[in-house]
Number of protein chains: 2
Amino acid sequence: MTADRNPLADVNASLRQLMQLAQTRSKKIRKETGITGPQLLAMKTLADSPDLSISELARRIYLHPATVVGIVDRLEGQGLVERTPSKKDRRQVNVKLTRSGKGALRKTPVATQDSVLAGLESLPEKKLARLAANLAKIVKVLEAHAKGPVPKRRRGRPRKEESAPKKRRGRKSA
Amino acid sequence: MTADRNPLADVNASLRQLMQLAQTRSKKIRKETGITGPQLLAMKTLADSPDLSISELARRIYLHPATVVGIVDRLEGQGLVERTPSKKDRRQVNVKLTRSGKGALRKTPVATQDSVLAGLESLPEKKLARLAANLAKIVKVLEAHAKGPVPKRRRGRPRKEESAPKKRRGRKSA
DNA sequence: CACAAATTATTTGTATACGAATTTCAAATC
DNA sequence: GATTTGAAATTCGTATACAAATAATTTGTG
């Protein structure tokens with residue numbers, strides 16, 4: 001289906017399916033453990049290296065710090081992680097697993113440890129390795145392209161975008 | 001970087017980066033055209049086959065109908081698509097591009113036509129085709145696994161999840 | 001030390017994205 | 001024809017996910 005007509009569109013569709021599968025799996029894991037995929041990923045990262053700052057944690061899981069704040073908020077709400085103000089730099093916050101968080105992580109099935117891609121375990125080692133290398137290469141190409149890709153020509157003007165009246169913002173004004 | 005230690009984790013990281021790149025690109029396109037990636041994908045699909053129902057459109061872009069409702073809402077708010085009640089089945093709604101929508105689609109740069117993966121255009125045709133085939137295969141494996149993958153053993157009980165008092169719901173009660 | 005610049009976490013706003021519940025219809029069954 | 005069953009769109013709730021703005025702090029420069 002769709003044949004080799006337009007490889008780009010095919011890639012697009014595949015990635016879309018992939019994301020959907022990941023999300024479905026994430027929901028399933030959530031039902032079973034109460035923890036979502038991104039939350040699990042964050043916890044796993046914290047298990048390997050405790051006391052990460054929000055920024056560092058965000059870097060390691062390739063997410064925006066603003067997103068990680070929300071994830072940590074919810075994990076903290078469940079008592080799985082803990083925020084500690086850093087003594088070195090009072091802007092920073094150190095995040096680490098609580099005892100309960102470590103326990104929850106131990107109880108997650110092995111198959112879900114690697115987040116959303118449990119299905120790939122059935123592939124032979126060699127294929128899997130090749131796939132990993134392939135993907136890494138693709139990401140590299142896209143990354144390079146995203147950085148400085150001659151924009152060629154801009155056609156079509158940006159639409160206007162009214163901005164609502166701004167309100168209070170910023171850090172927790174304790 | 002991470003070497004061949006754990007291919008599964010590598011794949012996971014790559015996919016994560018991929019999704020992030022896609023999202024970043026989507027935001028960029030939005031700044032330039034006022035249209036986001038998913039919105040553009042929906043419009044492109046409607047350009048190929050007008051008067052799709054919400055469900056059918058959702059199927060074609062691999063999204064949940066509930067998600068597509070929101071996307072169509074926003075596109076309709078911008079006057080780019082139009083909802084028409086179906087005469088055959090009064091439950092259905094036919095969505096199609098407006099004249100303005102067609103114009104906007106024409107004005108989007110060619111590079112962004114294929115949504116979020118513009119960078120891949122620099123790859124040689126052959127590589128691209130191989131990549132497409134690879135991804136399709138992977139998706140198939142994951143899909144099969146998601147359907148019926150002997151669950152092995154369930155360990156760890158689901159957490160409780162309090163439910164708030166329900167409110168009014170359902171279709172637009174005109 | 002004073003002050004500008006950079007960093008850090010956070011909040012707000014917006015857009016996905018899905019599941020569950022719900023309403024409106026249509027179709028099948030009795 | 002009445003009832004049940006099913007499908008379609010929608011709403012609500014929740015969780016990502018990012019950009020921009022903001023407050024608190026640190027660092028660099030004079």
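The figures here come from the full heavy-atom set of this structure, side chains too, leaving out hydrogens, waters and symmetry mates. Each chain gets a letter, A, B and so on, in the order its sequence line appears, and its residues count up from 1.
Within residues 64-74 of chain A, the residues approached by DNA chain C to less than 4.0 Å at the level of any non-hydrogen atom are Ala66(A), Val69(A), in residue-number order. Contacts between residues 45-58 of chain B and DNA chain D, counted as heavy-atom distances below 4.0 Å, involve Ser53(B), Ile54(B), Ser55(B).
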Inset, instruction - Apply side-chain contact (heavy atoms from CB on, under 4.5 Å) to the pair Gln39(B) and Arg30(B), showing each step before the final yes or no. - result: CA-CA 10 Å; Gln39(B) 288 173 12; Arg30(B) 182 174 184 273; over 6 Å; no

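A donor and an acceptor atom, one from each side chain of Arg60(A) and Ser49(A), are located under 3.5 Å apart.
Taking atom CD of Gln78(B) as the reference point, atom C1' of dT14(C) lies 12 Å away to the nearest angstrom. The separation between Ile61(B) atom CD1 and dC18(C) atom P is 9 Å, rounded to whole Å. Between Gln92(A) atom CD and dA6(C) atom C1' there is a gap of 13 Å when expressed in whole angstrom units. dT16(C) atom P lies 11 Å from atom CG of Leu41(B), rounded to whole Å. Put simply, CD on Gln39(B) is 10 Å from P on dA17(C), counting in whole angstrom units. The distance from atom NZ of Lys88(A) to atom C1' of dA24(D) is 20 Å, rounded to the nearest whole Å. The interatomic distance linking Arg83(A) (CZ) with dA9(C) (C1') rounds to 8 Å, in whole Å. Atom CE of Met43(A) is separated from atom P of dT16(D) by 12 Å (rounded to the nearest Å).
Of all heavy-atom pairs spanning Ala42(B) and Leu57(B), the tightest one is O-CD1, 4.2 Å. Considering every non-hydrogen atom in both Leu40(B) and Ile35(B), the closest pair reads N-CG2, 3.6 Å. Closest of all the heavy-atom pairs between Ser53(B) and Asn94(B) is N-ND2, 4.3 Å.
With hydrogens and angles disregarded, no donor-acceptor distance shorter than 3.5 Å links the side chain of Thr67(B) to the backbone of Leu63(B). A donor-acceptor distance shorter than 3.5 angstrom exists from the side chain of Thr98(B) to the backbone of Gly79(B), with no hydrogens or angles considered. Of the possible donor and acceptor atoms, one in the side chain of Arg16(A) sits under 3.5 Å from a partner among the backbone N and O of Ile61(B).
Within the 4.0 Å cut-off from OP1 or OP2 of dA20(D), at least one side-chain nitrogen or oxygen of Lys31(B) is found. Under 4.0 angstrom from either OP1 or OP2 of dA15(D) there lies at least one side-chain N or O belonging to Arg30(A).
No side-chain heavy atom of Arg99(A) sits under 4.5 Å from any side-chain heavy atom of Lys102(A).
The side chain of Lys27(A) lies closest to dC18(C), out of dA9(D), dC25(C), dC18(C). In this structure, the nucleotide among dT14(C), dC18(D), dT26(D) sitting nearest to the side chain of Leu63(A) is dC18(D).
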Listed pairs, N/O of protein and of nucleotides 5-7 of chain D, under 3.5 Å:
from, atom 1, to, atom 2, distance (Å)
dG6(D), N2, Arg91(B), NH1, 2.8
dA7(D), N3, Arg91(B), NH1, 3.0

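Connection of Leu105(B) to Val72(B) is established within a shared hydrophobic cluster, with ILVMFWY side chains joined at heavy-atom distances below 4.5 Å, either directly or through further cluster members. Both Leu80(A) and Val69(A) are members of a single hydrophobic cluster when ILVMFWY side chains are connected at heavy-atom separations under 4.5 Å.
Thr45(A) contributes atom OG1, which lies 10.5 Å from atom CE of Met43(A) (distance to the nearest 0.5 angstrom).
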